[in-house]
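Each remark here refers to the structure printed beneath this line.
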Amino acid sequence: MRSRAQVVVIGGGIVGCSVAYHLAELGWSDVVVLEQGQLSCGTTWHAAGLVGQLRSTESMTRLIQYSTDLYGRLEKETGFGTGWKQCGSVSVARTPERMVQLRRTAAQARAYGITAEVITAGEAGELWPAMRTDDLVGGVWLPGDGKANPSDLTQALARGAKRRGVEVAERVRVTGTVVKGGRVRGVRTSEGFIECEVLVNCAGQWAKELARQAGVTVPLHSAEHFYVVTEQIAGVRPDLPVLRDPDGYAYFKEEVGGLVVGGFEPDAKPWGMDGIPHPFEFQLLDEDWDQFSIIMENAVQRVPALESAGIRMFYNGPESFTPDNMFLLGEAPEVRGYFVAAGFNSAGIASAGGAGRALAEWIVNGQPTGDLWPADLRRFAPWAGNDTWLRDRVTEALGLHYAMAWPNREPETARPLRRSPVHHLLAAAGACFGSKAGWERVNYFGPAVPYTFDRPEWQETVDSEIDACRSGAALFDQTSFAKFTLKGPEACTALQWLCTADVDVEIGRVVYTGMLNDRGGYETDLTVTRVAEDEYLIVTGSAQATRDFDHISKGIGEHRAVLVDVTSAYAVLGLMGPESRNILQKVSKAELGEFGTSQLIDLGHATVRASRVTYVGELGWELYVPAEFAVTVYETLLATGVTQAGYYAIEAMRLEKGYRAWGRELGPEVTPAEAGLLFTCKKTADFRGMDRIHDSRRTIVSITTDAHLWGGESLLADGEPVGHVTSAAHSPTIGRTVALGFVKDGTLVKAEVNSAGERYSAQISRKAPYDPTSARVKV
Ligand SMILES: Cc1cc2nc3c(=O)[nH]c(=O)nc-3n(C[C@H](O)[C@H](O)[C@H](O)COP(=O)(O)OP(=O)(O)OC[C@H]3O[C@@H](n4cnc5c(N)ncnc54)[C@H](O)[C@@H]3O)c2cc1C
């Protein structure tokens, strides 16, 4: 066994082989893949092999599109059969609501350049004659989808990698990781120590334990996952498309004249609570017909011939699932040089090509080359590595594949987890909570109501919260904000390089700024408050806590400054609206500063940091309250009679005001010019990404329309896609839907928006639909 390699890849499943293949393709061939058993012996060998291209975001859809391209040419390139067949897929709807979802998805797919055709139930039946259609509303046909043989694909990728110099070593088990000075130095294996610069953990369901040894959090948990293979069925032809019947939790794929019938039951069965037994090679779990019955009963309803078909084989294999049903990719924030590609949620065959390329590019370039945020490992933190929490969450995560993709759908399991100190007061006031990064956050104050694509029942409540804020004031609990302090003699210098805006400001100034990557794209946008000559308070979105901390820590480099996460130390209470000053002055004698200032003030019996900034475009303050004073302060503010409000109101108001959100409008591929945020880049000092801030391929615009939108809808001009909506909400202030989105042509003033197949006119502007400052004179 060699004693050194530039890169060690752990795991010879489809993902490990794809990462190695793409590293070699990029010219990195000093790579060794270590597999404890034989290639594909973990989870890959028993996958059903479906490759569906549609994903909820553009970047993830493109990633899988690349997989299909790769799988189509791999056989020719390597001479190794992959079983790839572009047979297309049909998804059917049993309910009108599901049909709305399929229409929305089809419209999105077309906007991403994927052929997707909305079809009738009859047409679905013509494409898939063995299916019953009289109980269907319709369907969608995706001719570019396909199927492959997972083991053969893995072998082909390994062969392609080996041809370019990669070593693949089977029967070598990694037993430990050596980390020194915060960097990976090598791995201990059953065959001795291997020194390396980069380690890539592609160990599938083993990845969590392996990472834990190195202090890295990989939040995944195994769950049992099933399909059966039938004897031959009359009318089942080799060219049959893949069929998905999500309302019946089931999918169908032709295999030697019979069917593979599998699915995603709504209440899954976690596995491996006591760890994964060793060895576990080409191994299956016991049949569980009770657990599978909900899929099988629905499958028989869809394909009546199954009633009498013989079952050749019952496959029960464990697969790893993550808390949000998206895989985990990227460099671990805890250890430099430690990369992860794991937790593929039963889409590892479809994702492996694109995920392998994306990670290889990340390793070679030292940063991602696209927007990988939906899959970024850094959307989680150590709190998400808790086994009991993960076990409870995966019971739900598996079923999300086929659950209705309702707008604003919230997880139901393993909640509540992270609670603000005033959570009990919010609950007592009738809050309906949502969940973000494990935090319970108020969506609005009112009862939970059914999900819908139409006008939701909570709209009136949210409208009244917005009215209260715009006409008087409202109180928001924003404790889930991520908060860091950066302290040290070179804190300012370090931040000046990271931030687009000038942060070398007076003590007590709050600065809104972006932080860019080398391509001029937004790594984050946040507020930076100078609280002392050598100290800043940095406040960012709840979901980006780990990612931003990692980005800033790396950016500090050798500068003498220390970054500390103080999220848990402070509650944040937002008091916003034209009356907020008057309300605050009822409970504080402090002389309150102008916009963009931050000061410590007495508030009732407590002392809090009051920063005059809001995300809703009104006069207002974010109050940073040490956690132990939060209840006292909240009660003091409530006693003024102020209205309480939630995040749905904030979302609508920020859209009325045209404020961008990172992860929706802003992201690693969006520059300040595209975002209309060049005004935050005016400073004389150099900053990262400064050469690229004017790059522009598209423009963020505000959109108003009478259509009811949720985000994700495409924009058309003369029937052709010209952009898409990123966020949308109903605005009671202007009485229409307000949205933000991207358009290719920034001069566009009119378009049509495609909402589930219906077209509505939309007005487009580079200015926000509503500007409270010009509507009212404020002090
Ligand atoms: C029933 C079922 C049906 C599925 N159907 C589909 C489908 O239709 N389409 C789709 O896209 N996906 C499907 N999947 C999911 C797919 O199989 C997985 O997402 C994919 O195989 C994951 O690949 P991987 O390389 O991450 O993991 P694995 O294949 O498990 O590879 C990880 C490897 O790491 C090795 N390893 C672990 N620890 C060590 C160590 N310490 N040292 C050395 N080696 C180690 C293991 O032996 C293993 O071979 C299905 C899964 C199941 C269970």
Side-chain angles (χ1 to χ4, degrees), residues 8-20 32-53 64 67-68 71 89 145-151 153-154 157 169-177 187-191 200-211 213 218 220 222-229 242 244 251-253 260-264 271 276 278-285 292 313-322 327-329 340-356 398 401:
V8 168
V9 177
I10 311 174
I14 190 165
V15 175
C17 290
S18 177
V19 171
V32 58
V33 179
L34 304 179
E35 167 53 52
Q36 62 185 356
Q38 287 171 259
L39 289 187
S40 86
C41 73
T43 306
T44 297
W45 71 277
H46 56 64
L50 275 55
V51 180
Q53 298 172 89
I64 298 190
S67 292
T68 59
Y71 301 165
S89 81
D145 279 3
K147 57 184 180 180
N149 180 322
S151 293
L153 262 182
T154 308
L157 288 164
E170 291 177 303
R171 303 241 162 267
V172 180
R173 188 174 191 216
V174 173
T175 53
T177 310
V187 288
R188 282 187 286 270
T189 81
S190 52
E191 306 300 310
V200 196
N201 180 343
C202 301
Q205 60 175 345
W206 293 262
K208 176 176 66 181
E209 276 310 320
L210 212 53
Q213 297 171 1
V218 176
L220 54 80
S222 304
E224 298 188 21
H225 191 34
F226 319 92
Y227 63 82
V228 295
V229 186
V242 165
R244 292 186 178 86
Y251 64 77
F252 308 82
K253 182 193 91 160
V260 168
V261 181
F264 295 90
W271 181 79
I276 295 157
H278 183 70
F280 193 83
E281 208 176 308
F282 293 118
Q283 213 164 311
L284 293 174
L285 306 176
F292 193 64
M313 182 75 192
F314 187 115
Y315 283 87
N316 177 6
E319 160 71 332
S320 45
F321 292 85
T322 63
F327 56 89
L328 305 165
L329 202 72
V340 176
F344 277 87
N345 300 287
S346 202
I349 308 307
S351 314
L398 178 145
H401 272 285

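Owing to the predicted nature of the structure, the values given are computational and were not obtained by experimental measurement. Whatever order the structure lists them in is the order used to number ligands and atoms, beginning at 1.
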Please report, to 0.1 Å, the donor-acceptor pairs under 3.5 Å made by any side chain of residues 9-20, with sequence neighbours excluded.
| residue | atom | partner | partner atom | Å |
| --- | --- | --- | --- | --- |
| S18 | OG | H22 | ND1 | 3.3 |
| S18 | OG | A352 | O | 2.8 |

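Under the 4.5 Å side-chain criterion, counting only non-hydrogen atoms from C-beta, N316 is not in contact with L284. With a 4.5 Å cut-off on side-chain heavy atoms, V260 and K147 do not count as touching.
In this view, Y315 and Y227 satisfy the ring-ring contact (aromatic ring centres under 6.0 Å, His included) rule, not counting sequence neighbours. Applying the ring-ring contact (aromatic ring centres under 6.0 Å, His included) rule to H46 yields no partners; only residues at least two apart in sequence or on another chain are considered.
The structure places CG of L329 at 9.0 Å from SG of C202, a figure rounded to the nearest 0.5 Å.
Contact residues for ligand 1 (protein heavy atom closer than 4.0 angstrom to any ligand atom): I10, G11, G12, G13, I14, V15, L34, E35, Q36, C41, G42, T43, T44, H46, A47, A48, G49, L50, V172, R173, V174, C202, A203, G204, W206, L210, H225, Y227, G317, E319, F344, S346, A347, G348, I349, A350.
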